[in-house]
Enquirer: 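What follows is a single structure, and I will ask about it in a moment.
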Amino acid sequence: MSHINPNFAKELERYGAKDFNLCFNCGNCTAICSLSTKDNSFPREMIRFSALGLEDDIKSSLKPWMCYYCGECSTDCPRQAHPGELMMSLRRWLTAKYDWTGLSGLLYKHLSAYIIGFLLVIVGLIVFAAKLDWNQEKIMHFGHLFEMFAIAGVFAIILLPNIFRMWLYTIVRPKVKATVKVYYKAFSELLVHMFTQKRFLECEKLQETQIKWFEHFILVIGYLSLLFTTVFLDWFGSENMFIIALGYVESAIIFVVTFLFILKRAKKTEALHKFSQPSDWFFVIWLFLMGITAFLVRLFIDIGILQNNFWLYLVHISVLVQWAIIIVPFGKWTHFLYRSFAMCFARILELNDMKK
Amino acid sequence: MKQRIGVYICHCGGNISDYVDVEQLGKLMAKENGVLISKNVMFACSDSTQKEIEQDIEENKLDSIVVASCSPKLHTHTFRNVAIRAGLNPYNYTQVNIREQCSWAHSDKPMDATIKAYGLIRAGINRVSYSEVLESLEISAQKVVAIIGAGVAGMRAAVDLARMDNQVYLIEKGNTVGGHVAQAGRLFPTNENGKEVVDRLYQRIRQQSNITLFTNATLEKVSGSIGNFWIEVKLGSEELKLNVGSVLVTTGFDFYDPKEGEFGYRLSDRVITLPDFNKMVENSKGKLIHNGKSVKSVAYIYCVGNRQSKGENRYCSRQCCTAAIHSSLHVHEKFEDMTAYHLFRDIRTYGKQELLYQQSSKNGDIYIRFEEKEPPVVELKNGNPTIKVKDYLTTKRELTLDTDLVVLVTGMVPRTDSNSVSSKLKIPIGIDRFFNEIHPKLKPVETVIKGVYIGGACQGPKNINESVQSALSGAAKINATLKSGNINLEPIIARVNADSCLWCGKCAEVCEYDAISSIANGGKLIAEVNKATCKGCGICAPTCPSNAIELAQFTDNEIESMIDGLMSKAEISPRVESQQNNQKAGVQSLAGYPKIWRTIANALEGNTLTIPQIAEKIDQEASLVTWHLMTMNRYGFVESAGLNDNEDYFMYKLKK
């Protein structure tokens, strides 16, 4: 027995859902979705849960993460109920629900919160730089240390507890009893999907999908390896030609691909780019800024424009800090983790069902 | 007895001639008594054949014709007109049905079909030789119309009839006009108020000096027939007798009245019907208040009292989905922060009304689909409703919802007084208990009683638009009938032989239409038939003990001679096999057909096989084989040889 919550739709609209109540349950979206299966069918069911406000059912569901938003469902919806965008909004809402701090929800719902956060970071950095007497070397040293600690800190304090909560909602509370062996088997799924997003390739439209998947894939790989190159190989301080070249390539990949993403979002030609939320914009723009400032900082070092490089580095480090303590833990970045874990959890459920 | 009869036997392009030996019959009929011309024709109804018959009548001075083709339902008027054009009385023509009643029915036995056709045509020839010249009846008609019921349908029809120079009596049982619409509140799609619409119509009625409106008037008695009805109306203590040419019945409907306890109705003031809810919405300003309590959420339960698979109201009232959604939109617009739940079975917002449904979804109304076998349950805790419902759109999930108000979307039912109106006017009542038209598509506002028309929701559920449309079409039919002041009627009616009639009254007793009364004639009472009222059903003729009453075109002579014709022995020789029939001879003649037919036929040569076996043998898709085999079966090349041993497939063999 579930109770209908008529206010849920309004709440979901604040996460970007558009007109999903127009749905008259024809099921076209589900029929056309190439990722939807007989045992795991969506998006219609999710639209229904959303319209009725069955929050518990949505919270315990992994289906929003099964969707890669190719946009076919929105294109073919006879009522323009934008099922794809609803799935996207549910992912935002779930992200907010998983987040124990509540900051994700705050940021999704209030653009002002984002802006205040960004401004606070800039002010903090300026104050900090002034304290270090605007000493470039010290600041760059700090930047390097910050990256390491930010990764560890954000992961330990925010992301790990949130994944634990996701596990709680989707596996523990629905009383799924899985053995260690099942967890072990499903774990490989996590790594595969985290680094390849191979499910994305199963979306329809073949060539278009392959291109999209490839862009996304090299962006993920570029991002992760740039992170590794700057943090562990100290790209900005390195004299090794190979490392320097590697960093250039990686940062170039990031800003070129994200630039393409920004263009697509601005043009709105595809269904999935029709309704960009602030969180979507910040995600691609900050990635772009990070890529391009990192590239330029290293370029200025290499061609010896050291005077102006200080300010450029300051810009780079503020983008980096905003990224690391706002967008990564509370923004769109988390889909990288949740999606991969969702695949892993889904595999657990599947293996458990197979045993029965 | 006619001596110059023309007989035309139709091939119907093979429909008849494939089975009945039309050519032989044509030759045989030429030998019949009185037959001057006997022909077989490809299509009797074609323009060229019609002209040929006309020419034959004129050139050979035929005194009667027989057309043996299809059902008289189809072409009686076609050939009557042929006769009229050629100067022959249209009643000197007889139609013989050798298609529906012969070739189609006996396609398996062509020889017997030919023998039957022989009898039927001979019966027709015998009958036509006794046929009389009849003239259609012309009666004078009053250009006066009585409209029963002054709802929107009746009022609107009154205005049109009056503008076409008919005197109109508008008879209303209640003390005000406008019926349900006057109380309906805001209406789709113009958002006018129902009262405004009725007021406007009322003004137009008052402007027409030839409309007389009677309110608080009840229909007492109706007599007479088309052109001259007598309508007795009671106005308080006064009684009026109105002489009218035609009657339009627009008595409307009642809303279904839910039983006590039906979805909690009458158990709590929080459960009300949609008409009551609309009045409440109309009267509330700023906030929706019901019995002093503010209402923030409304749950509409659809199909109440309608679409009952086991009850008496099996039909759908077709306007209630739209009405409920329209109310919900109105509420959404008029009051802030309202929640609407629609518990429906199917949404039937047809046509432009679909946009309302779309808008309501856009407003965030929640739609929950239930089925009749698992209806929602309204539980009342301290009078506050909670609804439990199984949502068929969410895997039959059991859901609960709290609501301030439950609105029962009630359908339409026939008026409680419709039986008395029906018995006075003799309008038949359908199984749905609404008034019945003659034909839903071809005669949608006519009743079996000539001159009595039905319009609006007394005929069945309709919205306002549809009600007014049907009433106006009734008005147009009435005006067309009364316009000339005369009415032409079929002369095929009963007639009395004054000499042998002794007025026992038996004929009047059995007459369904009260068309027979007694009249003094030569010092005795005899039966008299009201020509306008008689429908020509013929039930009076066999009841007369002195055989004094008969039906034109169905006289004893005609009927007896037909029996003689049917009984006569036919001497039919077996048909010479025509080329057409050779087609059905066997595999050898498959030359002109698809290649795969020959392949299938070869596979079946000396075998009985199932479809999968054939498919395997000839290495083709089973679906392709099925398709071709079924066509071959239809053409008579193969036939079924019963089930195989596993009883999972039919076997097929070549037809010898």
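Chain A is the first sequence line, chain B the second, and so forth, proteins listed ahead of strands; every chain is numbered from 1.
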Enquirer: Checking B:N191 against B:H326: is there a side-chain donor and acceptor pair closer than 3.5 Å?
Expert: yes

Enquirer: Against chain A, label B:K390 side chain, backbone, both or neither, depending on which of its atoms sit under 4.5 Å from a heavy atom there.
Expert: neither

Enquirer: For chain A, find which of B:T339, B:L401, B:L399 contributes the most heavy-atom pairs closer than 4.5 angstrom.
Expert: B:L399

Enquirer: Quick one: which residue pairs count as a salt bridge (Lys or Arg N to Asp or Glu O under 4.0 Å) with a foot in residues 46-64 of chain A, not counting sequence neighbours?
Expert: A:E45-A:K63, A:R48-B:D391, A:D57-B:R397

Enquirer: B:D276 and B:T273: side-chain donor and acceptor closer than 3.5 Å?
Expert: yes

Enquirer: Side chain from CB out, backbone as N, CA, C, O: work out which of these in A:A51 comes under 4.5 Å of a heavy atom of chain B, or both, or neither.
Expert: backbone

Enquirer: Any donor and acceptor pair, going by atom type alone, linking the side chain of B:K296 with main-chain N or O of B:E336 inside 3.5 Å?
Expert: yes

Enquirer: Tell me, which pairs form a ring-ring contact (aromatic ring centres under 6.0 Å, His included) where one or both residues lie in residues 380-407 of chain B, sequence neighbours left out?
Expert: none

Enquirer: Decide if the gap between the ring center of A:W281 and the ring center of A:Y114 is smaller than 6.0 angstrom.
Expert: no

Enquirer: Could you tell me which of B:T395, B:T386, B:T394 has the largest number of non-hydrogen atom pairs under 4.5 Å with chain A?
Expert: B:T394

Enquirer: Does A:K332 come within less than 4.0 Å of A:D280, counting only side-chain N to carboxylate O?
Expert: yes

Enquirer: Side chain, backbone, both or neither: which part of A:F20 has an atom under 4.5 Å from a heavy atom of chain B?
Expert: neither

Enquirer: Heavy atoms under 4.5 Å from chain A: which residues of residues 345-376 of chain B carry them?
Expert: B:E354, B:Y357, B:Q358, B:S361, B:K362, B:G364, B:D365, B:I366, B:Y367, B:I368

Enquirer: Going by salt bridge (Lys or Arg N to Asp or Glu O under 4.0 Å), name the pairs with one or both residues in residues 10-31 of chain A, residues two or more places apart or in two chains.
Expert: A:E11-A:K109

